[in-house]
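The structure under discussion appears below in the form of structure tokens.
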Amino acid sequence: MSELLAVTGMTKRYGSVTVLRDVAFDLKAGEIHALLGANGAGKSTLCKMVAGLTDVSGGQMQLGGEPYAPADKPSAETAGVQIVQQELNLIPTLNVAENLLLTRLPSRFGIVQHGDLHRRARAALDRLGLSDIQTHTQVGRLGVGRQQMVEIATALDRQCRVLILDEPTAALSGSETERLFEQLFRLREQGVGMIYISHRLDEVKRIADRTTVLRDGKWVCTQPTREISTDDMVDLMSGGGTGMATKTASARCLGPADAPVLSVDSLTCGIVQDVSFAVRAGETFGITGLVGSGRTELLRAIFGADPADSGSVTVGNRDATRFSHPADAVVGGLAMVTEDRKQNGLLLDQSIRSNTAINSLAPFFSRCGVVLQQRERTAAQSMCEQMDTRCTGIEQIVGTLSGGNQQKVVVAKWLTRGADVFLFDEPTRGIDVAARRRIYEMIDALASQGKGIVIVSSDLEELFETCDRIAVLSAGRLVRTFDRSGWSEDAILQASFEAHRSDAART
């Protein structure tokens, strides 16, 4: 295979902080090259420089043997470099077709030709087997997994010599992942070079030809993927043995069965139909299901982010209610870590200190309404230490942190506030092994304090690791609940399709 992209001496500085130092990397035509590293290792930074999303502090690039220095993303796209970022880059108020062809709208005399627009968008979606996504649907109404597939379809619909994928399967179902892999294998046969960032090491072993590991902004190694084990990958990323925290299978001393800390009774909201469950003090309760099963919608209805049509939520010994706004849910004893941390979880242009304090301002104000900055700084510093947040200090802007460290700040702001029940929607999506371990330890500590924990996750290994019970949603209905003695991957998968089989039998 011929060399397609060559990167030498790549360096990136933000002020006095160097996040990438003298990195070398090469990509061959017709190759899938995995790029691994812990959060903050510099993976996304390197890819953003290649894709023209951020300027280069030092180093050179060549594309197809010619000097390559994109001034911006459109310049990179014109050269054939496409990127699908970990954080979605869609406009939620526009429909699928408009997002897919946003910079290439078919027009005549300055007027958009909507027929051509939707025909071209339909063809791009069908290439990925996305016949169930309608081109007229507003993107904001799609779940994160479907939005991710639209983003991928957008990249694949352009001229593509180099395709960069940053955690592309983090929000995808198994079938969607398989469809994506089929496309990647097809592109590889066509000579497209692909940079693939993922924390799912089984995927890396399956599809990558070579693997490069970065650590602390520096190149560590590049090897054929078949010659490196997943254990070796973890060791290289962490600089030593960094295994994922293991939760013991022994039963925790839970609260009495007749005194749940959270009760959800016959809750109905959109796709979610008549869902009931209870979580006891000190229990970690998992919720899973296929993409589109209503997992996120259920948490949003519990938290008051979406109005429920019927049913009730009871926290502790409070009266049953349906929260009409997240502010009411917070006062009522709930906390929620959302799936999309950048869109809904953080103030990206504010500091770690400000974000940590935002949910619990009252303790940081004097009687005269003056901010008690020292108290605020002390709380933020304590949380950074508790969560092992990698940063230059509590005044660092959250938007400059890696994804895993941003997620730690999201969790920290709720720990500062305190709650009786914590709702986590995909809490470790797109973060590395070490950050996962820290969040798992924190969840276990909250449960040990008698808090109720609800975790929505598409990662069964994560639920097996952390939960006492796992409920399965299928087409918006809660169909089965498993405890540790009865769950298995096959049993949960079978339950996930239960409602679909019932619907098929009725038709």
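Heavy-atom basis, side chains included; hydrogens, waters and symmetry copies ignored.
No side-chain heavy atom of L298 sits under 4.5 Å from any side-chain heavy atom of V456. Using a 4.5 Å heavy-atom threshold, the side chains of L156 and L163 count as touching. At least one side-chain heavy atom of Y440 sits under 4.5 Å from a side-chain heavy atom of E462. Annotation: side chain of F181 is in contact with side chain of T169 (closest heavy-atom distance under 4.5 Å). Put simply, the side chain of I83 reaches to within 4.5 Å of the side chain of K73, judged on heavy atoms. Considering only heavy atoms from C-beta on, I492 comes within 4.5 Å of T288 through its side chain. Put simply, the side chain of M336 does not reach to within 4.5 Å of the side chain of I302, judged on heavy atoms. Put simply, the side chain of F277 reaches to within 4.5 Å of the side chain of I287, judged on heavy atoms.
Heavy atoms only, all atoms of each residue included: G286 and L463 are closest at CA-CD2, 4.1 Å. Nearest heavy atom pair, residue L117 against residue A97, reads CD1-O, 3.6 Å. Scanning all heavy atoms of the two residues, the minimum distance from V479 to A495 falls at CG2-O, 3.3 Å. Between L130 and R122, the shortest heavy-atom contact is O-NH2, 2.8 Å. Contact detail for S293 and I271: the closest heavy-atom pair is C-CD1, 4.3 Å. Pairing each heavy atom of F464 with each of R484, the nearest pair is O-NH2, 3.4 Å.
Here the side chain of Q147 pairs a donor or acceptor atom with the backbone of V139 at under 3.5 angstrom. Of the possible polar contacts, none joining the K408 side chain to the C384 backbone as a donor-acceptor pair under 3.5 Å is found. Counting only distance, with no hydrogens or angles, the side chain of R436 and the backbone of P427 share no donor-acceptor pair below 3.5 Å. The backbone N or O of L35 sits nowhere less than 3.5 Å from a side-chain atom of K43 that would complete a donor-acceptor pair. Between the Q406 side chain and the V398 main chain, a donor and an acceptor come within less than 3.5 Å of each other. A donor-acceptor pair under 3.5 Å is absent between the side-chain atoms of S382 and the main chain of T378, judged by distance alone. The backbone N or O of S266 sits less than 3.5 Å from a side-chain atom of S276, completing a donor-acceptor pair. No donor-acceptor pair closer than 3.5 Å links the side chain of T284 to the backbone N or O of D468. Under the 3.5 Å distance criterion, the side-chain polar atoms of N99 are matched with a main-chain donor or acceptor of I91.
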Go through the steps for M194 and I207 under the test side chain to side chain contact (heavy atoms under 4.5 Å, CB included), then give the verdict. CA-CA 11 Å; M194 287 159 278; I207 71 170; over 6 Å; no
Show the numbers, then the answer: is there a side chain to side chain contact (heavy atoms under 4.5 Å, CB included) between L262 and V313? CA-CA 7 Å; L262 172 69; V313 175; 3.8 Å; yes
Just do the side chain to side chain contact (heavy atoms under 4.5 Å, CB included) check on L401 and I352 with the steps written out, would you? CA-CA 9 Å; L401 295 174; I352 294 172; 3.9 Å; yes
Could you walk me through whether L90 and E151 pass the side chain to side chain contact (heavy atoms under 4.5 Å, CB included) test, one step at a time? CA-CA 7 Å; L90 300 170; E151 186 105 39; 3.6 Å; yes
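The structure places OG of S131 at 6.5 Å from CG of D126, a figure rounded to the nearest 0.5 Å. Rounding to the nearest 0.5 Å places CZ of R120 at 8.5 Å from CG of L105. Taking CZ of R206 as the start and OG of S198 as the end, the distance is 12.0 Å to the nearest 0.5 Å. Here OG of S457 is found 12.5 Å from CZ of F424. Values are rounded to the nearest 0.5 Å. Taking CG of L101 as the reference point, atom CZ of R158 lies at 8.5 Å (rounded to 0.5 Å). Between Q273 atom CD and S474 atom OG the span is 12.5 Å, to the nearest 0.5 Å.
More than 12 heavy-atom neighbours from other residues, nucleotides or ligands sit within 6.0 angstrom of CD on Q449. More than 12 heavy atoms of other residues, nucleotides or ligands shown are found within 6.0 angstrom of CG on D132. By the 6.0 Å contact criterion, CZ on R127 is enclosed, its count of non-hydrogen atoms from other residues, nucleotides or ligands being greater than 12. The number of heavy atoms from other shown groups lying within 6.0 Å of CD (Q138) is above 12. Sparse packing is recorded around CG of N317, with 12 or fewer heavy atoms of other residues, nucleotides or ligands lying under 6.0 Å away.
Every residue two or more places apart in sequence or in another chain that forms a side chain to side chain contact (heavy atoms under 4.5 Å, CB included) with T400 is listed here: Q396, I397. For D425, the side-chain hydrogen bond (donor to acceptor under 3.5 Å, both in side chains) partners two or more places apart in sequence, or in a different chain, are T296. Shown here are the side-chain hydrogen bond (donor to acceptor under 3.5 Å, both in side chains) partners of S175, two or more places apart in sequence or in another chain: S173.
Here R179 does not pair with E182 in a salt bridge; the nearest charged N to carboxylate O distance is not below 4.0 Å.
A side-chain N or O of S458 and one of E426 form a donor-acceptor pair less than 3.5 Å apart. Side-chain atoms of D483 and S485 form a donor-acceptor pair, as typed in the model, at a separation below 3.5 Å.
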